[in-house]
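One structure below.
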Amino acid sequence: MEKAKVLESKDGIISVASAFAGHQEEVEDRDHKFLSKAIKEAYNGVDSGDGGPFGAVIVCNDEIVVSCHNMVLHDTDPTAHAEVTAIREACKKLEKRELSDCEMYASCEPCPMCFGAIFLARIKRLVYGAKAEAAIAVGFDDFIADALRGTAHYQKAHLEVIRANGNGAIIAEQVFEKTKQKFQMY
């Protein structure tokens, strides 16, 4: 069996396809279908006044589980990005805390928070449309793609970040040791 390879189509969509003849076109058509839905959600979010121009779709077994858009303005919640909202809704709908059998289609390259959520949700495949520069060009933060590109350096952080020391650090770390038998991660 031949290995899969990463492809970048002309419009910047990242997809994975096997080397089998015809498979690449099938994957691209499928990706286009679901990515188009994510882009439609981005427009819906702006038209409704819910948030910025970002949409996300989660797919499982070629079926759309959820289709969401940015809800930052609607929910007055800076974490209500389309990708995070889609993960929250898909987990509720599927009644599980990880989405390892799912794929995400996002209208734009995810920000670090969204990429972290995608990673933690164990989503098996991410396909995005617009590069971060498209969002940056209209005023969104310029660190939007740092997590995907590996370029994060927190140059725009406007807060002081300090790790506690002494007893505070010790008792905070003990939480994990003292509770590890009460929960199972994955």
Side-chain angles (χ1 to χ4, degrees), residues 12-14 34-60 64-100 102-164 168-169 172-173 175-176 179 183 185-186:
I13 297 170
I14 304 293
F34 293 126
L35 185 58
S36 294
K37 180 66 174 166
I39 293 165
K40 182 178 178 187
E41 276 296 330
Y43 282 113
N44 290 344
V46 172
D47 291 344
S48 66
D50 289 341
F54 302 94
V57 172
I58 294 183
V59 175
C60 185
I64 294 176
V65 176
V66 295
S67 182
C68 298
H69 55 260
N70 183 291
M71 297 291 289
V72 169
L73 299 176
H74 180 272
D75 294 352
T76 318
D77 178 357
T79 70
H81 292 194
E83 299 91 337
V84 172
T85 301
I87 290 167
R88 290 173 180 160
E89 294 300 318
C91 286
K92 285 178 193 172
K93 186 172 182 177
L94 298 173
E95 297 180 339
K96 55 188 189 172
R97 65 177 181 252
E98 57 86 23
L99 303 169
S100 61
C102 296
E103 300 167 280
M104 177 179 283
Y105 292 83
S107 63
C108 186
E109 193 171 2
C111 74
M113 176 187 69
C114 292
F115 183 75
I118 292 163
F119 177 79
L120 290 173
R122 309 290 195 259
I123 290 173
K124 68 180 179 180
R125 185 167 179 263
L126 166 66
V127 178
Y128 68 88
K131 291 184 178 183
E133 286 77 11
I136 293 165
V138 297
F140 288 92
D141 288 333
D142 63 359
F143 69 90
I144 191 169
D146 284 345
L148 276 177
R149 296 179 184 180
T151 57
H153 48 81
Y154 305 105
Q155 74 277 13
K156 296 196 85 166
H158 299 290
L159 68 142
E160 186 176 10
V161 179
I162 300 171
R163 181 179 180 265
E173 289 177 357
V175 170
F176 297 100
T179 63
F183 63 90
M185 287 302 293
Y186 298 101

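Bear in mind the structure is a predicted one, so any value in this text is a computation, not a measurement. Position 1 is the first residue of the sequence, and the numbers go up from there.
To the nearest 0.5 Å, the span separating CG on Asn70 from CG on Asp75 amounts to 9.0 Å. Here the CG-SG distance, from Asp50 to Cys68, works out to 11.0 Å after rounding to the nearest 0.5 Å.
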For the pair Ser48 and His69, evaluate side chain to side chain contact (heavy atoms under 4.5 Å, CB included) and give the outcome as yes or no after the intermediate values.
-> CA-CA 10 Å; Ser48 66; His69 55 260; 3.9 Å; yes
Begin with the C-alpha distance, continue with both residues' side-chain angles, and end with the deciding distance and a verdict on side chain to side chain contact (heavy atoms under 4.5 Å, CB included) for Glu83 and Ile123.
-> CA-CA 11 Å; Glu83 299 91 337; Ile123 290 173; over 6 Å; no
Between Leu94 and Cys102, is a side chain to side chain contact (heavy atoms under 4.5 Å, CB included) present by the stated rule, with each step listed?
-> CA-CA 11 Å; Leu94 298 173; Cys102 296; 4.0 Å; yes
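Contact between Pro78 and Met113 at its shortest, heavy atoms only, is O-CE, 4.1 Å. For the pair Ser67 and Glu41, the tightest heavy-atom approach, listed with the atom from each and the gap, is OG-CG, 2.9 Å. Between Val57 and Ala38, the shortest heavy-atom distance links the atoms CG2-N, 3.5 Å. Counting all heavy atoms, side chain and backbone alike, Val84 lies closest to Cys114 at CG2-SG, 4.0 Å. Taking every heavy atom of both residues into account, Cys108 and Tyr128 meet most closely at O-CB, 3.7 Å. For the residue pair Val66 and Ala86, the shortest heavy atom distance occurs at CG2-O, 3.4 Å.
Judged as a salt bridge (charged side-chain N to carboxylate O under 4.0 Å, His left out), and not counting sequence neighbours, the contacts of Lys96 are Asp101.
The aromatic rings of Phe54 and His81 sit parallel, their planes meeting at an angle under 30°, below the 60° perpendicular limit.
Results of the side-chain contact (heavy atoms from CB on, under 4.5 Å) test with Val59 over Glu103, Arg125, Lys37, Met104 single out Glu103 as the only residue that passes.
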